[in-house]
*Asks:* 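Handing you a structure now.
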Amino acid sequence: MAVYALTGFSLVSLLSFGYLSWDWMKPSLVADVATDPMEKSLPPAFARPPHIIFILTDDQGYHDVGYHGSDIQTPTLDRLAAEGVKLENYYIQPICTPSRSQLITGRYQIHTGLQHSIIRPRQPNCLPLDQVTLPQKLQEAGYSTHMVGKWHLGFYKKECLPTRRGFDTFLGSLTGNVDYYTYDNCDGPGVCGYDLHEGEDVAWDQSGKYSTFLYAQRVSKILASHSPKEPIFIYVAFQAVHTPLQSPKEYIYRYRSMGNVARRKYAAMVTCMDEAVKNITWALKKYGYYDNSVIVFSTDNGGQTFSGGSNWPLRGRKGTYWEGGVRGIGFVHSPLIKRKRRTSWALVHITDWYPTLVSLARGNLSNVPGLDGYNVWPAISEGKESPRTEILHNIDPLYNHAKYGSLEDGFGIWNTAVQASIRVGEWKLLTGDPGYSDWIPPQTLTNFPGSWWNLERLTDGLRKSVWLFNITADPYERYDLSDQRPDVVRTLLMRLVHYNRTAIPVRYPAENPRAHPDFNGGAWGPWASEDDVEEWEGGGEPLKNRNKKKKCKICKLRSFFRKLNTRLMSNRI
């Protein structure tokens, strides 16, 4: 294997940390909430169901946290992880919708029909309504459930919205990529709309507020208005640090010596998010939740290296099935953990949070058979062996087939042109086109996009369609063993065959022009009528057999909203 490396980057010296700081060890600003004598006599883990705070960040690279050696300042995440359990064998999915769907359902993508790409704003598609979601199970267990942040699981009809899928309240965006201040999102030239929602209404009044701050403030408000005697689940899905690269100036100034402009802005966003997590943790302490709380922190996929992110020293980036795309930052912080302040190498996948958190909440899992996740709390809290021994990263039959793959290369049992990846024990297999495969150190010296100077690239292997790695011995995927161990390749291909037999058809419908925000008052939101839904779900195609009169009404409606928006913008200016 021919490899060449161009190196020459240096880490930026750390700046002092202190903006909006608070004393981590400072006692709660309010008195502890009184509890019943019986509760005081019980061990904390058995007194009451714990409060659960699940924090998900967007596009944060594996390298982009302080305790992974980053040049980005994340003192809050570092401290929370150090005092809890770091998950260093933790896996997510390579892009947004798949990770979120697997978190919410506890099932692999192949079992929800979402195995291809993401749910796009104009698609009549959403998380299947027959799936019982994590917040619904927690509601059954007596929890108050709240979501703050990015949904990205579909919204074409109201039944798809977060408040119809188990959340009592929701403040956030429905699509996958909005402006941090204006909350505008464009899904192509001229297809733009506002996307910030309060419950099922458009939150026009919140425009102009930086989303990371807005979401942290909302979490504090929820905690202040709720009783710590009653269990609460808050899903905080930060928009940060997804593009566009936007941050308050005071955070960018800290990284002024960082030469790469994209990396500088990205670093500022990460540090800002870190302080938002600090404020959430402080609110847990202030309002009496902390002692009976479980905080889970997870990224949703690998970092986008061409937008400031870094997965170094892992191979690949967001959107790929190399480790840089699917190995995530994860940790659990809780006073209820029995063995704290340690690093866990137990195999954990994002689907595992569903059964783990429902079990912690003393919920009932008997009516949701067939979950792909496992209860990993004993592995996290007590250091026991993980019940998970393998992970199906995905099987995507719609992704572009590899040019050099074939059924013959797959021993006659698997077409290696199909994009797929699986981990079994210490072995990882990839087939088809796994995606961009280079190793990219942090880009700190030159302006974006001139980043090829510090790249390690493979110069052969372009005609391959099968890769095999011993991930335990070779976590950076530098030594392909597919030729040396055909026996292992065949075994893992058989596992792919097994999983593929359980897959349901892919749900990836054509985009529908009716979803245009112009038809919804200038905002993204549900747009399908009941008649539309019945036609499409009955097998019909969107907009099929529409008469000219109805199209004319749509044109008139579009013209009306355009004129209205023009007047509003004129008044605003």
Side-chain angles (χ1 to χ4, degrees), residues 1-15 57-74 77-78 86 88 90-92 94 241-243 245 247 252 254-271 273-274 299 301-330 428 430 434-462 467 469 471 473-480:
M1 179 182 297
V3 180
Y4 71 83
L6 296 177
T7 59
F9 69 97
S10 61
L11 298 180
V12 176
S13 58
L14 296 179
L15 304 176
T57 60
D58 199 341
D59 285 9
Q60 183 179 358
Y62 178 83
H63 183 70
D64 299 328
V65 65
Y67 67 84
H68 280 173
S70 178
D71 52 342
I72 298 177
Q73 303 163 33
T74 58
L77 300 184
D78 297 345
K86 300 174 185 175
E88 292 300 332
Y90 174 57
Y91 287 87
I92 47 183
V241 289
H242 196 290
T243 54
L245 299 179
S247 172
I252 297 177
R254 302 185 194 187
Y255 297 99
R256 60 191 180 278
S257 61
M258 190 174 284
N260 184 288
V261 175
R263 181 71 174 169
R264 185 190 313 159
K265 293 179 179 179
Y266 175 92
M269 295 165 69
V270 173
T271 296
M273 176 273 297
D274 180 84
T299 50
N301 46 245
Q304 179 52 274
T305 53
F306 292 155
S307 298
S310 175
N311 305 302
W312 183 258
L314 302 180
R315 184 177 184 178
R317 65 186 187 198
K318 172 184 177 179
T320 76
Y321 288 95
W322 304 106
E323 291 292 283
V326 297
R327 181 170 287 204
I329 300 172
K428 177 181 177 182
L430 303 98
Y436 186 87
S437 65
D438 294 333
W439 297 267
I440 305 179
Q443 303 165 20
T444 58
L445 292 181
T446 62
N447 286 334
F448 183 81
S451 57
W452 304 107
W453 56 273
N454 62 0
L455 181 68
E456 289 188 37
R457 175 182 293 171
L458 289 176
T459 56
D460 66 352
L462 300 180
W467 293 262
F469 301 95
I471 289 299
D474 178 26
Y476 312 140
E477 296 171 300
R478 292 182 177 272
Y479 306 105
D480 176 18

*Asks:* Please identify each residue that fulfils salt bridge (Lys or Arg N to Asp or Glu O under 4.0 Å) with D59, with sequence neighbours left out.
*Replies:* K318
*Asks:* Might you point out which heavy atoms bring P441 and S310 nearest each other, and give the distance in Å?
*Replies:*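 Closest approach of P441 to S310: C-OG, 4.4 Å.
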*Asks:* I'd like to check I471 versus E323 (side-chain heavy atoms, cut-off strictly below 4.5 Å). Are they in contact?
*Replies:*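 Side chain of I471 against side chain of E323, heavy atoms only: contact under 4.5 Å found.
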*Asks:* Taking all atoms of both residues into account, what is the closest heavy-atom pair of P94 and T320, and its distance?
*Replies:*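 Reported closest heavy-atom pair: CB-O, 3.2 Å.
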*Asks:* Is the backbone N or O of Y62 less than 3.5 Å from a side-chain atom of H68, with the two atoms forming a donor-acceptor pair by type?
*Replies:*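 Checking the backbone N and O of Y62 against the side chain of H68, a donor-acceptor pair under 3.5 Å is found.
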*Asks:* Could I get the full list of side-chain hydrogen bond (donor to acceptor under 3.5 Å, both in side chains) partners for Y321, not counting sequence neighbours?
*Replies:* N394
*Asks:* Give the minimum heavy-atom separation between T57 and T299, together with the two atoms involved.
*Replies:* OG1-CG2, 3.3 Å
*Asks:* Where do D71 and Y255 come nearest, in terms of heavy atoms and distance?
*Replies:* O-CE2, 3.8 Å
*Asks:* Answer yes or no: is there an ion pair linking E477 with K428, defined by an N-O contact shorter than 4.0 Å?
*Replies:* yes
*Asks:* Between Y436 and R317, is there a cation-pi geometry (under 6.0 Å to ring centre, at most 45° from the normal)?
*Replies:*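 Satisfied, under 6.0 Å and within 45°.
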*Asks:* As an exercise, state the distance from OG of S247 to CE of M273, rounded to the nearest 0.5 Å.
*Replies:* 11.5 Å
*Asks:* Do you know which two heavy atoms are closest between Q60 and I329, and how far apart they sit?
*Replies:*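 Scanning both residues completely, I find the closest heavy atoms to be NE2-CD1, 3.8 Å.
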*Asks:* Just how far is it from atom CH2 of W312 to atom CH2 of W439, taken to the nearest 0.5 Å?
*Replies:*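 So the CH2 of W312 and the CH2 of W439 are separated by 9.0 Å.
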*Asks:* Between D438 and I440 (side chain of the first, backbone of the second, donor and acceptor by atom type, cut-off under 3.5 Å), is there such a pair?
*Replies:* no
*Asks:* Output the distance between atom CE (M269) and atom OG1 (T243), rounded to the nearest 0.5 Å.
*Replies:* 8.0 Å
*Asks:* Taking side-chain hydrogen bond (donor to acceptor under 3.5 Å, both in side chains) as the test, write out the residues that go with D64, two or more places apart.
*Replies:*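 Result, side-chain hydrogen bond (donor to acceptor under 3.5 Å, both in side chains) vs D64: R263, Y266.
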*Asks:* Would you say Y90 and R327 are linked by a side-chain donor-acceptor pair, where the criterion is simply a distance under 3.5 Å?
*Replies:* no
*Asks:* Locate the shortest heavy-atom distance separating R264 from G259; write the atom from each residue and the value.
*Replies:*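 Result for this residue pair: NH2-O, 3.7 Å.
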*Asks:* Just by distance, do the side chain of S437 and the backbone of G316 share a donor-acceptor pair under 3.5 Å?
*Replies:*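 Judged by distance alone, no pair lies under 3.5 Å.
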*Asks:* Roughly how far, to the nearest 0.5 Å, is CD1 of I72 from CG of D274?
*Replies:* 10.5 Å
*Asks:* Mind checking what makes side-chain hydrogen bond (donor to acceptor under 3.5 Å, both in side chains) contact with T74, not counting sequence neighbours?
*Replies:* D78
*Asks:* Do the ring centers of W322 and W467 come within less than 6.0 Å of each other?
*Replies:*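 Close enough - the centres of the two rings lie under 6.0 Å apart.
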*Asks:* Can you tell me if N311 uses its side chain to pair, donor with acceptor, with the backbone of G61 under 3.5 Å?
*Replies:*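 Flag not set: sc N311 to bb G61 has no pair under 3.5 Å.
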*Asks:* With sequence neighbours excluded, what pairs up with K265 under the side-chain hydrogen bond (donor to acceptor under 3.5 Å, both in side chains) test?
*Replies:*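 Result, side-chain hydrogen bond (donor to acceptor under 3.5 Å, both in side chains) vs K265: none returned.
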*Asks:* Return yes when atom OH of Y67 has more than 12 non-hydrogen atoms of other residues, nucleotides or ligands closer than 6.0 Å, and no otherwise.
*Replies:*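 Yes, enclosed.
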